[in-house]
Amino acid sequence: MTKTVHVEGMGCMNCVKHVKEALEALDAVSSAEVSLETNTAVISLTKDISDTAIISAVEEAGYEVSKIA
């Protein structure tokens, strides 16, 4: 199962690293592929996770989620 998280506020590769680390710290996330070009993170899940948990992790890293698909 995957989800695509649309992240606002990333401006450099350091931002990408912060978002990737924040998402991969979640128990349900096995990997996160973060793209600066598309401002998205495609996360692979090992189990279901609430959108609220994803949004909280990204916001704690200092970025904003505009949409989760």
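Here the structure is a predicted model, which means the values were calculated and not measured.
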Q: Would you check, one step at a time, whether the test side-chain hydrogen bond (donor to acceptor under 3.5 Å, both in side chains) holds for Thr52 with Ser50?
A: CA-CA 5 Å; Thr52 304; Ser50 71; 4.5 Å; no
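If you take CD on Glu33 and CD1 on Ile43, they are separated by 11.5 Å, rounding to the nearest 0.5 Å.
Linking Ile, Leu, Val, Met, Phe, Trp and Tyr whenever their side-chain heavy atoms come within less than 4.5 Å leaves Val42 and Leu23 in two separate clusters.
Closest approach of Ala22 and Ala57 over heavy atoms only: CB-O, 3.6 Å. Looking at every heavy atom in both residues, Asn39 comes nearest to Met10 through CA-CE, 3.7 Å. Residue Val58 comes nearest to Glu64 through the heavy atom pair CG1-N, 4.3 Å, listed as atom of the first residue, atom of the second, then distance. Considering all non-hydrogen atoms of both residues, Gly9 and Cys15 come closest at O-SG, 4.4 Å. The minimum heavy-atom distance linking Ile54 with Leu26 is given by the pair CA-CD1, 4.2 Å. Between Glu8 and Tyr63, the closest heavy-atom pair is O-CB, 3.6 Å.
Distance alone, capped at 3.5 Å, is enough to place a donor-acceptor pair between the Lys20 side chain and the Ala32 backbone. No donor-acceptor pair closer than 3.5 Å links the side chain of Ser44 to the backbone N or O of Thr2.
Contact annotation: the side chain of Glu59 never approaches that of Val65 to less than 4.5 Å [non-hydrogen atoms, C-beta and beyond].
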